[in-house]
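Written out below as structure tokens is the structure these notes cover.
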Amino acid sequence: MEKVVLAYSGGLDTSVAIKWLNQKYNMKVITLTVDLGQKINLDEVKERAEKLGVEKAYVWDLKEEFVEEFILPALKANALYEGTYPLSTALSRPLIAKYLVKVAKENNAKYVAHGCTGKGNDQVRFDIAVKSLAPDLEVIAPVREWNFTREEEIEYAIENNIPVPVTRENPYSIDENLWGRSIEGGILEDPWLEPPEDIFLWTKIKPNLPPRYMEISFEEGVPVGLDGEVMSPIKIIETINRVAGEYGIGRVDHIENRLVGIKTREIYEVPAALVLIKAHSAIESLVHHRELSHFKRIIEEKYSQIIYYGLWFDPLREALQSFIEKTQERVTGKVRVKFDYGNFSIVGKYSPYSLYDYDLATYDKKSTFSNELAVGFIKIFGLPSYLYAKKSDKNNFC
Ligand code: ARG
């Protein structure tokens, strides 16, 4: 019997997938479940998989690697797809794929499997990541193949003694990790309708909070402390998610262009991601000179697109990453953030590498900036426009 390694969330789809792979493909199933900060009980999920008769159930806490190898590189790029979505789901897929490949190799399996549908981006991300790391492995996507309606799936589950959640069915599809929570489906599929309050978990406003300030320190583009206290990036992300979340900060309502061409409406709860990206770019605004700032934005947009498209292990992503790493050498300093209901702003920024020069910038006193030099500079800088304008005067012809 061939073996297949399945990315197992513990939910209904991937539980059904275990039996379906056994029956349809006649394969032994090994499951892999990882904790990326989605508040999962790994022991429970392991037990659930074992009860469904899997060959082996692997569970791993990969929060540290997720932050160090995926979130921080993306933060250095201020990565936001379509200027809006911090890529929380997209960043997790290549890491899960990496461990699917690892487990497949260790167990001499020729197949890996995931529970993605045929309409989304995640299938693309898994398939490409697996093939980039191990071109010899084959990917099976049961949900993409089986064409069950919801009722048929539940019927199949009952027939195969797969526990079906007894609670009223949650109409939403939710994906969660340290960098954010993605919610789609149900009533959200009508872009005219306001998202109901009960979909939100991380950004519930706590009443009667006074405005609050927080100081975030960065070293070479990496967050290293909060309010003067040295802290690990994981702890910083968790703390900001909690604190900003209580102010209702971090909600995003996005009509998103999927790679497969469909437009979708996705709601995100991403407090820490939004705060950290804004804080990080605030330090960059002090230490990067004009041309580097402008050029980096172009790279950031391309980089975000590439992550969204599932090309994490692609040489282009790696090349862009090298550029981004180089730009982080002076991204050291601190930022003061103010939280108020539904909103946050950067109210102070400092870096020892700041290029902001008070003496050059001030209007208040005699400055060393040379106004005479400005006149000559403008003449030469404006020469193309001047020459063009002169030619538009028809009387100059012949
Ligand atoms: N639209 C996001 C992406 O493609 C999130 C996808 C998963 N969302 C979900 N609600 N299950 O990265």
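- Contact check on E2 versus K110 returns a salt bridge, with a Lys/Arg side-chain nitrogen under 4.0 Å from an Asp/Glu carboxylate oxygen.
- Comment: D175 engages R93 in a salt bridge, judged by a side-chain N to carboxylate O separation of less than 4.0 angstrom.
- For R181 and Y268, the positive end is not near the middle of the six-membered ring at less than 6.0 Å and at most 45° from its axis.
- With sequence neighbours left out, F381 forms a ring pair (Phe, Tyr, Trp, His ring centres under 6.0 Å) with F377.
- In this model, no donor atom of one side chain and acceptor atom of the other lie less than 3.5 Å apart for D122 and H114.
- Note: W312 and F70 meet the aromatic proximity criterion, with ring centroids under 6.0 Å apart.
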Starting from the C-alpha separation in whole Å, work towards a yes-or-no answer on side chain to side chain donor-acceptor pair (under 3.5 Å) for E269 and T203. CA-CA 7 Å; E269 294 187 280; T203 56; 2.6 Å; yes
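- Just one of L6, L42, T14, I96 meets the side chain to side chain contact (heavy atoms under 4.5 Å, CB included) condition when paired with T33; it is L42.
- One distance of note links CG of L75 with NE2 of H280; it measures 5.0 Å at 0.5 Å rounding.
- When ring centroids are compared, Y247 and F344 stay outside the 6.0 Å threshold.
- Residue Y25 forms a side chain to side chain contact (heavy atoms under 4.5 Å, CB included) with just one option from L21, V29, N22, and that option is L21.
- For CZ of R330, the number of neighbouring non-hydrogen atoms (other residues, nucleotides, ligands) closer than 6.0 Å is 12 at most.
- A search for ring pair (Phe, Tyr, Trp, His ring centres under 6.0 Å) contacts involving Y99 returns W60, not counting sequence neighbours.
- Residues Q321 and Y303 bring a donor and an acceptor atom of their side chains to less than 3.5 Å of each other.
- Under the ring pair (Phe, Tyr, Trp, His ring centres under 6.0 Å) criterion, F323 pairs with F295, sequence neighbours left out.
- The 12-atom threshold is exceeded at OH of Y356, counting heavy atoms of other residues, nucleotides or ligands nearer than 6.0 Å.
- Aromatic pair Y156/W146: ring centres not closer than 6.0 Å.
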Side-chain donor/acceptor pairs under 3.5 Å, residues 222-234, sequence neighbours excluded:
| from | atom 1 | to | atom 2 | distance (Å) |
| --- | --- | --- | --- | --- |
| D227 | OD1 | E215 | N | 2.7 |
| S232 | OG | K235 | N | 3.2 |

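- Counting heavy atoms of neighbouring residues, nucleotides and ligands inside a 6.0 Å radius, atom CZ of R290 does not exceed 12 of them.
- Linking Ile, Leu, Val, Met, Phe, Trp and Tyr whenever their side-chain heavy atoms come within less than 4.5 Å leaves L201 and Y85 in two separate clusters.
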Are E284 and N78 close enough, and set up right, to give a side chain to side chain donor-acceptor pair (under 3.5 Å), and what steps lead you there? CA-CA 10 Å; E284 289 190 328; N78 303 316; 2.8 Å; yes
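- Using a 4.5 Å cut-off on side-chain heavy atoms (C-beta onward), S285 and K349 make contact.
- Ion pairing between K366 and D359 fails under the 4.0 Å rule for side-chain N and carboxylate O.
- Under the 3.5 Å distance criterion, with hydrogens and angles disregarded, no donor-acceptor pair is assigned to the side chains of T362 and S367.
- The two atoms that bring G10 and R48 nearest to each other are O-NH1, 2.6 Å, heavy atoms only.
- Judged as a side chain to side chain donor-acceptor pair (under 3.5 Å), and not counting sequence neighbours, the contacts of E44 are N41.
- Note on R297 versus E301: no salt bridge recorded, every NZ/NE/NH1/NH2 to OD/OE distance being 4.0 Å or above.
- E194 CD: 12 or fewer foreign heavy atoms inside a 6.0 Å radius.
- Ion pairing of E65 with K98 is present here, as a side-chain N (NZ or NE/NH1/NH2) and a carboxylate O approach within less than 4.0 Å.
- Using a 4.0 Å cut-off between charged side-chain N and carboxylate O, E246 and R242 make no salt bridge.
- Applying salt bridge (charged side-chain N to carboxylate O under 4.0 Å, His left out) to R258 and the options E266, E82, E184 leaves one that passes, E184.
- The two residues I128 and G310 come nearest to each other via the heavy atoms CG2-O, 3.7 Å.
- If you check the side chains of E329 and Y353, you find no donor sitting under 3.5 Å from an acceptor.
- I187 places a side-chain heavy atom less than 4.5 Å from the side chain of P196.
- Using modelled atom types and a 3.5 Å distance limit, the side chains of E219 and T332 yield no donor-acceptor pair.
- Classified by interplanar angle (parallel below 30°, tilted 30° to 60°, perpendicular above 60°), the ring pair Y81/H254 is perpendicular.
- The local environment of NZ in K206 is sparse, with at most 12 non-hydrogen atoms from other residues, nucleotides or ligands closer than 6.0 Å.
- No side-chain donor-acceptor contact under 3.5 Å links N147 and E152.
- Side-chain atoms of K3 and N108 form no donor-acceptor pair, as typed in the model, at a separation below 3.5 Å.
- Sorted by first then second residue, the side-chain hydrogen bond (donor to acceptor under 3.5 Å, both in side chains) pairs that include residues 66-77, not counting sequence neighbours, are K76-E325.
- Y341 OH: more than 12 foreign heavy atoms inside a 6.0 Å radius.
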